[in-house]
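Take a look at the structure below.
Every chain is numbered from 1, with letters handed out A, B, ... down the list of sequences. Model, not experiment: these values are computed from the prediction.
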2 protein chains.
Amino acid sequence: MQTDTICLGLLMSGPKTGYAIKGILSGPLNQIYNLSFGSIYPALGKLTREKLVTFKQQSQDKKPDRKIYSITKKGINHLKEALLQDAGNYIRSGNYGDQIKSEYAMLLLFSEALPDETVKLIIDERILYIKQFLNLITYEGPLSEEDNLQPLRRSPQAKFMRGLMSEVIQTALDYIEKNRKKLHG
Amino acid sequence: MQTDTICLGLLMSGPKTGYAIKGILSGPLNQIYNLSFGSIYPALGKLTREKLVTFKQQSQDKKPDRKIYSITKKGINHLKEALLQDAGNYIRSGNYGDQIKSEYAMLLLFSEALPDETVKLIIDERILYIKQFLNLITYEGPLSEEDNLQPLRRSPQAKFMRGLMSEVIQTALDYIEKNRKKLHG
DNA sequence: GTTATATATATCAGATTGATATATCGTCAA
DNA sequence: TTGACGATATATCAATCTGATATATATAAC
């Protein structure tokens, strides 16, 4: 799946700045997909040139300008075709190319080479982080005054993913708390 | 965590070819970390130049040559230092930079734009894939005649990770089977 | 008063991917 | 039997992506 498709998909739930797209990908979707600014801004530029999105420049009083991007009709059609093709590729190849790099998991896997106290510390830290993240995705209330993320959060698809994530993360948390003694004295 | 560190860590459980390292990362560790050949071979070359690994060239009868890499004493020291520093960075920043791109999860999130039959199909396919992967990591028996992966699989760290993965994946499987109706008619 | 964090866009060196090339062997089907 | 395919094995490279950095302002903390 291309970066373009991700941006278009996220713009389906309403107009957003590049910064907001990064915020969604760094926040609730953190364990699902992430992109750097260096991918997002060029993608939005390319999509603008192809007229799959448009933007309104909003010069704010004493704040940096915002470019608020919206998906066009052409963009919606393009998104549908791209997703259908991605789905087709998946079905044909059985391979979705999920790309995962969990440095934390590798650190635990190699933790025999670390002092016991260090292993304890990184597990304590991780447990705190997981609990915070669980709160983030379990939280149902409004996010801010100008809450334009509601459409994304209230779709059945988003609810499905949030439910899946919270169950999976809760399982991981329980497992780590129950079995951490296998990794340190 | 650098690619170098991943290679050194995997070589701690015994000598391996670059191809074997890729095999481990594409197989049981698939949902944890992955690297392409284009990262692995240059990393092994760099590690050789730095004398952190050595290799024996094995010319096989009518098969391609193999370069079997082993970690050196210097390499072991380097690994310990690198892991300690990575752990320190984590504790200080609270951020491990886990990098995740699950195209499948994004496809489900955007699946409103797909026909119902397609959504059904990709979920059916995914359930099959998950079941296969569960078998792969749950399997305890020997892997092949020349089974040099046993040290990696039998360490407490590897058992911990396999247990964690199988519980998490089982939870995901149950959730998808129970809730898939929310995504298609 | 200064340090840090949030909002917001943008760029770029260096790292990574996914594809491709090369070479041999075994297997499975037409 | 021949041709296609997959496994073993190394290697390279264009296109893409990351992580860091730059720029600019406001607000909160210390």
Side-chain angles (χ1 to χ4, degrees), chain A residues 1-7 15-27 30 33-48 55-69 86 89 93-101 103 143-146 148-149, chain B residues 1-7 15-27 30 33-46 48 55-69 86 89 92-101 103 143-146 148-149:
Chain A
M1 192 179 296
Q2 267 143 274
T3 296
D4 296 20
T5 312
I6 302 290
C7 291
K16 283 166 193 62
T17 64
Y19 188 77
I21 289 175
K22 174 63 177 163
I24 294 167
L25 259 19
S26 305
N30 187 46
Y33 211 94
N34 211 340
L35 288 170
S36 65
F37 285 122
S39 294
I40 294 167
Y41 286 120
L44 290 171
K46 191 191 156 207
L47 289 169
T48 303
F55 69 89
K56 282 183 198 167
Q57 192 123 17
Q58 201 182 67
S59 41
Q60 302 179 111
D61 233 28
K62 307 215 172 185
K63 273 188 187 177
D65 283 6
R66 313 169 83 197
K67 288 181 184 173
I68 305 174
Y69 290 89
D86 286 338
N89 287 341
S93 71
N95 172 14
Y96 238 53
D98 285 6
Q99 191 208 86
I100 300 175
K101 287 191 203 302
E103 302 195 355
L143 292 170
S144 65
E145 309 117 56
E146 270 188 72
N148 49 10
L149 242 58
Chain B
M1 192 179 296
Q2 268 143 272
T3 297
D4 297 20
T5 311
I6 302 291
C7 292
K16 284 165 192 64
T17 63
Y19 188 77
I21 289 174
K22 174 65 178 162
I24 293 168
L25 259 17
S26 305
N30 187 46
Y33 211 95
N34 212 340
L35 289 170
S36 65
F37 285 122
S39 294
I40 294 167
Y41 286 120
L44 290 172
K46 191 191 155 206
T48 303
F55 69 89
K56 282 183 197 166
Q57 191 122 17
Q58 201 183 67
S59 39
Q60 301 178 108
D61 233 27
K62 308 218 173 183
K63 273 188 187 178
D65 283 5
R66 314 168 83 197
K67 288 181 184 173
I68 305 172
Y69 291 90
D86 286 338
N89 287 340
R92 261 169 258 128
S93 72
N95 172 14
Y96 240 52
D98 286 6
Q99 192 208 87
I100 300 174
K101 288 192 205 297
E103 301 196 354
L143 292 170
S144 65
E145 308 117 57
E146 271 188 69
N148 49 10
L149 242 56

Would you mind telling me which residue lines up with the more 5' stretch of DNA chain D, Leu35(A) or Lys67(B), judged by nearest nucleotide?
Lys67(B)
For DNA chain D, whose closest nucleotide is more 5', that of Gln99(B) or that of Tyr69(B)?
Tyr69(B)
Spacing of [X] atom [atom1] relative to [N] atom [atom2], expressed in whole Å:
X	N	atom1	atom2	value
Ile24(A)	dA8(C)	CD1	P	13 Å
Asp65(A)	dA26(D)	CG	P	13 Å
Arg66(B)	dA23(C)	CZ	C1'	16 Å
Leu44(A)	dA10(C)	CG	P	9 Å
Gln57(A)	dT9(C)	CD	P	9 Å
Ile40(B)	dG18(C)	CD1	C1'	13 Å
Gln2(A)	dT16(D)	CD	P	8 Å

Using a 4.0 Å heavy-atom cut-off, does [X] contact any base of the nucleic acid, only the sugar-phosphate backbone, or nothing at all?
X	result
Asn34(B)	sugar-phosphate
Gly18(A)	sugar-phosphate
Ser36(B)	base
Lys22(A)	nothing
Asn95(B)	nothing

Does a side-chain N or O from [X] land closer than 4.0 Å to OP1 or OP2 of [N], or not?
X	N	value
Ser39(B)	dA15(C)	no
Lys101(B)	dT18(D)	yes
Tyr19(A)	dT7(C)	yes
Thr17(A)	dT7(C)	no
Tyr41(B)	dT10(D)	yes

Basic-acidic side-chain contact under 4.0 Å: Lys46(A), Asp4(A):
yes
Side-chain contact check for Thr3(A): nearest option of dC17(D), dT16(C), dT12(D) is dC17(D)
